Amino acid sequence: MKKAYPIPTETAASQARASDPKNSAWVSANAGSGKTHVLAQRVIRLLLNGTDPSKILCLTYTRAAAANMSNRVFSTLSEWTALGDAELAAKITALDDRRPDRDTMRRARRLFAEALETPGGLKIQTIHAFCESVLHQFPLEANIPAHFEMLDPQMEASLFAAARRDMISGTSAGDAGLAEAFATVLERGGEHGLDALLSEIVRKRDGLRGFIDAVGRDGAGFQALFEEFHFRPGQSAEDIAASVWPLPGFLPDFFAVFASAAEAVDARTVLNNLLPYARQAFVETDPIRRLQMLGKAFLKADGDPYDPAKAFKKALLDRLPDLPERYLAAVKAITEVSDRLALFRMLEGTVAALTIADWLIVRYERLKRGRSFLDFNDLITRTVNLLARPDAGPWVQYKLDQGIDHILLDEAQDTSPDQWEVVKRLAEEFFAGHGQRGTANRTVFAVGDEKQSIYSFQGAAPDSFADSRLLFAGRVRDAEASFADLKLTWSFRSTDDVLAAVDRVFADPGVRRGISHDPDPLDHKAIRNDAPGYVEVWPSLGADAVEEPDDWTLPVNHASAPAVRVAEHVAATIQAWLKDREIIEGKGRRLRAGDILVLVRKRDRFVHALSRALKDRDIPVAGADRLSLPGHIAVKDLIALGHFLIQPQDDLSLAAVLRSPIFDVSEETLFALGAGRPAATSLITSLRQHAGDSAALAAIVTRLDGWANEAAFRPVFEFYAGVLARDSLRKKMIARLGPEAGDILDEFLSFCLAEERTGLPGLEAFLATLENTGPEIKREMDQTRDEVRVMTVHAAKGLEAPVVFLVDGGSAPFSDQHLPRLMPFDGSGRNFDGKGYLWRSAADVANGFSKTASARARELADDEYRRLLYVGMTRAEDRLIVCGYHGKRSPSTGTWHSIVSRALTGAPESTERRHPASGEPVHRFVMTKLPPVEQAAADETRLPQQVLPLPESLYRALPPYEELPRPLSPSGASALIDEGKEAVVDTRSPVLDSEAEPGFAVMRGLALHKLLQMLPGFAEGERQGAAGQYLSRAGADWTEAERSKALASVMAILGDSRFAELFSPNSRAEVAVMGSLEVKGRLRSISGKIDRLAVTPERVSIVDYKTNRPAPATLAQVPPAYILQLALYRALLKPLYPGREVTAALLFTEAPRLIELPAEAMDDALARLTGA
DNA sequence: CTTCTGAACATTTTT
DNA sequence: TGTTCAGAAG
């Protein structure tokens, strides 16, 4: 528990107002000021005021944040269930500012159970999860496959690879336009440029699709794009280049004068290049080449003009006094025309890129759709489209509206414009009129901090937080409801020293630019006002001129690399703290390894170096939160082993295996094996030949042969697990590569297992996936494990720690390589609206327009870089240490380290001291002037908790592992009645009939099934039309008679009043059920899908559709397997609806005929199965 | 002052 | 693999 500080009235008032469910609120909060706390408070107050939990929707971006938020809410509520009356009343009074009456108290105690139990419950979700559930509810309206699945990144990559392969084969297969575009892109961008372009097309597919629709569908080859940039229709590159000639100021006659004058004075003193190139330009007839010549003649290599005052000698100027003027006129014409030409070229390239993009995206979408996949982008865009649809939209809105009255958004600064669109649509009706929902109070709440917007590469736009605030404030006020615009400035997290340092760093307007919309300087206030802390700035270490040995055979000493030295300093500091039982004064307790957080901008060698340095000192450190599996040397060795076992002639792999910890053969031995052998002899042959002379080599050969045998016959996991454990490879690897190799090997094995289940079989396929998809292992950092954590600032968002090291890698905030290849720009509205893209193929198409856009992108990236600094600095509770390193070049300005040290090293509150470990000069910035807590007292009061004995039961052996059988599916359950028989497909399948093709019967069954599932969701009047439309698509190759027969039987079923209850709006289609049941003494899991489920207060009805032809007329003719199937469903449902009768029926769609199954018949069937 | 040459350097990541 | 930057040379 943290020490409780009195909360300033200002903060208490803001928090109270923010969490007051009577008004909508927008909260702009500083780091550590209790955002999530306010949000959780608001949820609880809503519940306390009697809001139905299912009407509250909390949205966040990450699953971790969602989990965190729901933990907060539920822990408070569960606490309440156990409190005494007086305490609970006090809590509620503090929260809601009123004495609770009896009723409220009772409700408060029940909230925990209610919030958990309400169907649909309290919705605390990621925005993606929410959209997914909406789409699952309205697949037909959203025009998506009913049972879509989410596309994981690996699948996505493989779909795109397929689309790409199709494209490349498509270019050779006669699509002339595509082939030409492909050639253009390849020529301009090279292979690398093509790859970069394709992957960017993937990422920006939604925007690109819109852009292509706007400018490319006129059939005129993207003419609108050229018009947008004021090019005339039919204008060519030559036309543009030709417009520079005759050259202003250097009309041909003047050029002659100039040449003779220049020669008369002294040719060499004139511009180096002007004369020869200009002479060529004069005779050149090709306008483009002429423009190039003129450029070379009149401009410097970087495209800037010469300074005419310096470039022309005085003697020449005396003869031609208007020369500078004329020169500048010529330069102006040349640069302008070149710029237009470059822009034109860029558009040409863009057209080719768009042609490819169009093709690729269409193909990708088709592949995706064919497999009923949706990707994460689709979730958002499809939901927006669904809600925006003029026909279905309002209806969906209405159905959702019944469920949502309050929307709460966490981390709103990370919400992208698309996601805002979802929220706006959802809230559209909130403030539209008081009519429909009477007095119901409906609110929108968002909390965020634009200073912490660091996910622009995921589409988050820092501006949209403020923009949305304006929009909602307007809407709320129009509805005459109350809207609170609040700021939370007090920090519960950090000491004054840390906060003052943050304010000081961002006091410089240049540093503050783009951090926030607020023009005022940052102002952080500490609630922990008596806690001393400090901020230190260590000097940035550079690469010293370490003389590398001339003899290249000597090993290079990497210990001198700056990153490694900084890592050593950090590790040494931590070691000293732990050894000397350092006290965190602000907390009055001893520092532990888990109090330390090391933040970096990117995962580079420093992270590894630090991890290593800490392990060398026996300091517990959390493993890397992310690691690339095939990138690790241990995995590389295992891959090499696999390659060799598949292909024994693979000399390189064998050599790697021999030198690796697997065999640990010396360099000399390997040389003897490799160098002496005849030309056509492989390494393995040579090894076998030498095995006769050496027992060690013979052992290697034996072992390799054994493995080869195993690899050929065993599954991949079994093989590698055996090699690692039984053959003690794991021990060898850890001995040589260090303990972190153990983690990697564990991950490697679990990857083997996963691949074995889902991937292609065989070692070869396994190695291919491992190397190509290069899976990254993500691990959650466990904060409770008392380990030093090392992570990126991005990953640390939302975390905090008493001591934070902020390590600056010294690389420039931004480099042009980070610029997107497809540059976004805004359409003027003349030719198209919205966002467009230009393809930056190479430097030679750079032009004024693109340079402006690049400069803007650079500025935005730079702003975000400094926001990242803000996030990093504000993670610190008590102490912040800023250190860094840089390469051989002098440290560039504008990096984290230089920004912070500029602000703090000269400050009057800073003192200089020597770093105890490294001896480097260190600047310590301290604001608080408080006596340090006495060490003795601290030690006494905060002794480590007494170690309690572990419960006895922990030492008892676990019961033997019960292997769970494959889930039993009710529709195949009858096979179980005859023990030992596997469920086989009934050859006399009821859906198959003799008249028609088997394929048709199945298709027909599926189509009917789908119609019965979807149509009840439509208004009665629309059903016929929708069904007809569906059948014309799904049944395109049926006969007309078949189609109308199917339509008629579906409409008859839906129209029959006997079935009305089943298809009423309260019923549900395709309800998945799962549970377990004892079958012949064994517990079996059962899972299945109920076609239609209707629940009324009295009873639960379930129906399964069957398409038998001819349909059975009586119960006696119904196949017993069907009765058993429904009996199982019934058995699963019964305990869920105590006191209600569960009735079951079969609907034979052919007739149509509903046959009720008597309870006794089902009980009998179940009894036969369970053997009871 | 410009051009040439070789060396150094080349994100962040969730759903 | 390509671009930028610093230092040497013209």
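Only a predicted model underlies this, so the values are computations on that prediction, with no experimental measurement involved. To find a chain, count down the sequence lines: A is the first, B the second, and so on, and within it residues start at 1.
A:D375 and A:K368 are joined by a salt bridge, as a carboxylate oxygen and a charged side-chain nitrogen come within less than 4.0 angstrom of each other. For A:R858 and A:D862, the salt-bridge test fails: no basic side-chain N is under 4.0 Å from an acidic carboxylate O. Between A:R513 and A:E859 there is a salt bridge, since a side-chain N of the basic residue sits under 4.0 Å from a carboxylate O of the acidic one. The residues A:R205 and A:D378 are annotated as not salt-bridged, no charged nitrogen and carboxylate oxygen being separated by less than 4.0 angstrom. We find that A:R867 and A:E450 are not joined by a salt bridge, their nearest charged nitrogen and carboxylate oxygen being 4.0 Å or further apart.
With hydrogens and angles ignored, no donor-acceptor pair closer than 3.5 Å exists between the side chain of A:Y61 and the base of B:dT15.
Taking atom CG of A:D414 as the reference point, atom P of B:dT14 lies 12 Å away to the nearest angstrom. The CZ-P distance, from A:R203 to B:dT11, rounds to 14 Å in whole Å. Taking atom CG of residue A:L860 and atom P of nucleotide B:dT11, one finds them 19 Å apart after rounding to whole Å. At whole-Å resolution of the value, OH in A:Y455 and C1' in B:dT11 are 13 Å apart. Across the protein-nucleic acid pair, A:F130 atom CZ and B:dT15 atom P stand 18 Å apart, rounded to whole Å. Atom CD in A:Q419 sits roughly 10 Å away from atom C1' in B:dT14 (whole-Å rounding). The distance between atom CD of A:E864 and atom C1' of B:dT12, rounded to the nearest whole Å, is 8 Å. Distance CZ (A:F457) to P (B:dT15): 12 Å, rounded to an integer number of Å.
On the P atoms, C:dT3 is 16 Å away from B:dT11, given to the nearest whole Å. For the P atoms, the distance linking B:dA10 with C:dC5 amounts to 12 Å, nearest Å.
For the OP1/OP2 pair of B:dT13 and a distance below 4.0 Å, the side-chain nitrogens and oxygens of A:T792 include at least one atom meeting the criterion.
Nearest nucleotide to the A:K602 side chain, out of B:dT13, B:dA10, B:dT15: B:dA10. Closest contact between the side chain of A:R601 and the listed nucleotides B:dT13, B:dT11, B:dT15 involves B:dT11.
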